Engineer: 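Here it is, the structure, as structure tokens.
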Amino acid sequence: MEPISTEQARTLQRELAREVLLDDAFPGRIETVCGLDCSYSGRGRRGRMIAGAVVLRFRTWERIDSSVAEGEIPFPYVPGLLSFRELPLLLEALEGLKEPVDLAFVDGAGIAHPRRFGLASHLGVVTGLPSIGVAKSRLCGVYDEPGPERGASSPLLEGGETVGTVLRTRDGVRPLFISPGHKVSLASAPRLVLACCGRYRLPEPTRRAHELVTARRAVWKEDDRDATS
DNA sequence: GCGACAG
DNA sequence: ATCTTGTCGC
């Protein structure tokens with residue numbers, strides 16, 4: 001993605017949104033799931049970021065592969081245009097994997113997006129991978145607060161259509177905003193996320209990916225400390 | 001014009 | 001997302 005204006009970015013999203021498939025198109029039996037996440041540098045290395053991908057065996061959560069990529073931040077954070085900021089490096093991280101991925105869990109929105117093309121959908125369409133958007137807060141849409149117990153959910157509506165599911169993944173915690181990215185249906189997305197949630201609010205793939213990039217960022221801090229002392 | 005706004 | 005200490009609640 002070369003330098004692009006925000007208007008060009010929005011136009012591109014409207015075009016690519018037509019490629020999104022909302023029917024389940026992953027292996028009948030899922031073998032592996034992949035969690036993706038990004039982290040940014042604080043002081044010292046302004047303008048740098050890290051992307052990480054972790055491949056886990058479905059249900060046992062054994063880590064069978066992982067990859068990290070580092071680089072310059074290519075685009076500012078603009079609500080609705082997150083993919084132009086995080087997708088490039090996430091794709092690099094994916095390229096570093098050796099194990100096959102059946103389903104990807106992305107931090108952010110899928111079709112629960114102003115143009116129905118959030119980061120999870122963009123990543124899915126570009127790679128062809130089935131993907132699910134797992135956002136910790138709402139980007140768009142209206143909903144009723146789901147019940148307080150694990151598994152409770154309510155539809156996320158926008159413009160008269162259902163674009164996702166507000167899902168409680170643990171008793172008493174804030175709900176997650178789940179939406180199909182690509183090749184996953186509106187009904188399957190929350191079921192798959194819940195199947196990946198145990199003791200934590202975030203699904204295991206997402207949680208492990210966050211762990212990975214956080215650990216990598218700690219190395220930056222060490223390097224900066226050594227260089228400064 | 002005002003408020004909202006993934007990470 | 002990141003900057004930050006202690007602290008309120010299950």
Side-chain angles (χ1 to χ4, degrees), chain A residues 1 6 9-10 13 16-17 20 35-53 68-91 93 104-125 131-143 148-150 156-159 163-182 189-190 193 199-203 205-207 209-221 224-225:
Chain A
M1 284 182 267
T6 55
R10 294 191 181 93
Q13 290 182 326
L16 292 176
V20 173
L36 300 152
D37 191 26
C38 289
S39 180
Y40 300 82
S41 59
R43 281 178 120 69
R45 302 199 187 204
R46 286 183 296 275
R48 302 281 298 177
M49 64 183 286
I50 304 168
V68 295
E70 302 177 22
E72 301 292 327
I73 298 176
F75 199 85
Y77 172 68
V78 179
L81 300 180
L82 183 64
S83 57
F84 296 89
R85 181 180 175 84
E86 302 195 336
L87 186 57
L89 213 52
L90 283 175
L91 293 178
F105 287 72
V106 182
D107 263 56
I111 63 169
H113 175 279
R115 290 165 292 285
R116 305 293 181 275
F117 201 67
L119 176 59
S121 296
H122 203 149
L123 183 144
V125 166
S131 64
I132 296 177
V134 181
K136 296 178 290 298
S137 61
R138 183 196 74 95
L139 171 60
C140 69
V142 295
Y143 63 96
E149 75 286 359
R150 171 193 161 93
L156 181 57
L157 311 168
E158 215 229 46
V163 296
T165 304
V166 183
L167 176 69
R168 192 89 61 186
T169 55
R170 279 195 67 189
D171 289 357
V173 302
R174 279 180 299 140
L176 254 31
F177 297 75
I178 311 303
S179 61
H182 185 50
V193 168
R199 180 186 171 188
Y200 304 91
R201 177 168 85 119
L202 296 177
T206 298
R207 208 178 64 76
H210 192 275
E211 249 177 21
L212 178 66
V213 297
T214 296
R216 184 63 186 105
R217 201 167 72 99
V219 175
W220 276 6
K221 292 186 175 180
D224 292 344
R225 172 177 57 73

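Convention: sequence-line order gives letters A, B, ...; per-chain numbering from 1. A quick note: this is a predicted structure, and the numbers were derived from the prediction, not measured.
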Engineer: Mind checking if A:L81 touches a base, just sugar-phosphate, or nothing, with heavy atoms under 4.0 Å?
Structural biologist: base

Engineer: For the side chain of A:R217 and the backbone of A:Y40, is there at least one donor-acceptor N/O pair under 3.5 Å apart?
Structural biologist: yes

Engineer: Using the side-chain heavy atoms of A:R217, tell me which of these nucleotides is nearest: C:dT2, B:dC5, B:dG7.
Structural biologist: C:dT2

Engineer: Using whole Å, report how far CD of A:E149 lies from C1' of C:dC10.
Structural biologist: 17 Å

Engineer: Do side-chain atoms of A:S39 reach the backbone of A:I50 as a donor and acceptor pair under 3.5 angstrom?
Structural biologist: no

Engineer: Should the pair A:F117 and A:H122 be assigned to parallel (<30°), tilted (30 to 60°) or perpendicular (>60°) ring geometry?
Structural biologist: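 The rings of A:F117 and A:H122 sit tilted, inter-plane angle from 30° to 60°.
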
Engineer: Using whole Å, report how far CZ of A:R138 lies from C1' of B:dC5.
Structural biologist: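 Result: 8 Å.
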
Engineer: Round to a whole Å and report the spacing from CG of A:D107 to P of B:dA6.
Structural biologist: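 Whole-Å distance recorded here is 13 Å.
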
Engineer: Measure the OH-CD distance between A:Y77 and A:E86 for me, rounded to the nearest 0.5 Å.
Structural biologist: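 CD of A:E86 is found 9.5 Å from OH of A:Y77.
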
Engineer: Does B:dG7 have its OP1 or OP2 closer than 4.0 Å to a side-chain nitrogen or oxygen of A:S137?
Structural biologist: yes

Engineer: Do any side-chain nitrogens or oxygens of A:K136 fall under 4.0 Å of OP1 or OP2 in B:dG7?
Structural biologist: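 So the side chain of A:K136 is within the cut-off, an N or O lying under 4.0 Å from OP1 or OP2 of B:dG7.
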
Engineer: Could you state the NE2-C1' distance from A:H122 to B:dG7, rounded to the nearest angstrom?
Structural biologist: 16 Å

Engineer: Counting only side-chain heavy atoms from C-beta out, which of C:dA1, C:dT2, B:dA4 sits nearest to A:S39?
Structural biologist: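 The closest nucleotide is C:dT2.
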
Engineer: Nearest whole angstrom, please: distance from the P of B:dC5 to the CG of A:L139.
Structural biologist: 9 Å

Engineer: Would you please classify the geometry between the A:F75 ring and the A:F84 ring as parallel, tilted or perpendicular, with 30° and 60° separating the classes?
Structural biologist: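 A:F84 vs A:F75 ring planes: tilted.
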
Engineer: Among C:dA1, B:dA6, B:dA4, find the nucleotide with the atom closest to the side chain of A:L82.
Structural biologist: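 Out of C:dA1, B:dA6, B:dA4, the nucleotide with an atom closest to A:L82's side chain is B:dA6.
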
Engineer: For A:H210 and B:dA6, give me the distance from atom NE2 to atom C1', rounded to whole Å.
Structural biologist: 14 Å

Engineer: So what does A:A109 touch, heavy atoms closer than 4.0 Å: a base, only the sugar-phosphate, or nothing?
Structural biologist: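 Since a base atom lies under 4.0 Å of A:A109, the category is base.
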
Engineer: Whole-Å distance between B:dG7 C1' and A:L123 CG?
Structural biologist: 14 Å

Engineer: Over all strands shown, is A:Y77 touching base, sugar-phosphate only, or nothing at heavy-atom distances under 4.0 angstrom?
Structural biologist: base

Engineer: Can you measure A:I50 atom CD1 to C:dA1 atom P for me and round it to whole angstrom units?
Structural biologist: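 Roughly 13 Å, once rounded to whole Å.
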
Engineer: Please classify the nucleic acid contact of A:G133 as base, sugar-phosphate, or nothing, using heavy-atom distances under 4.0 Å.
Structural biologist: nothing

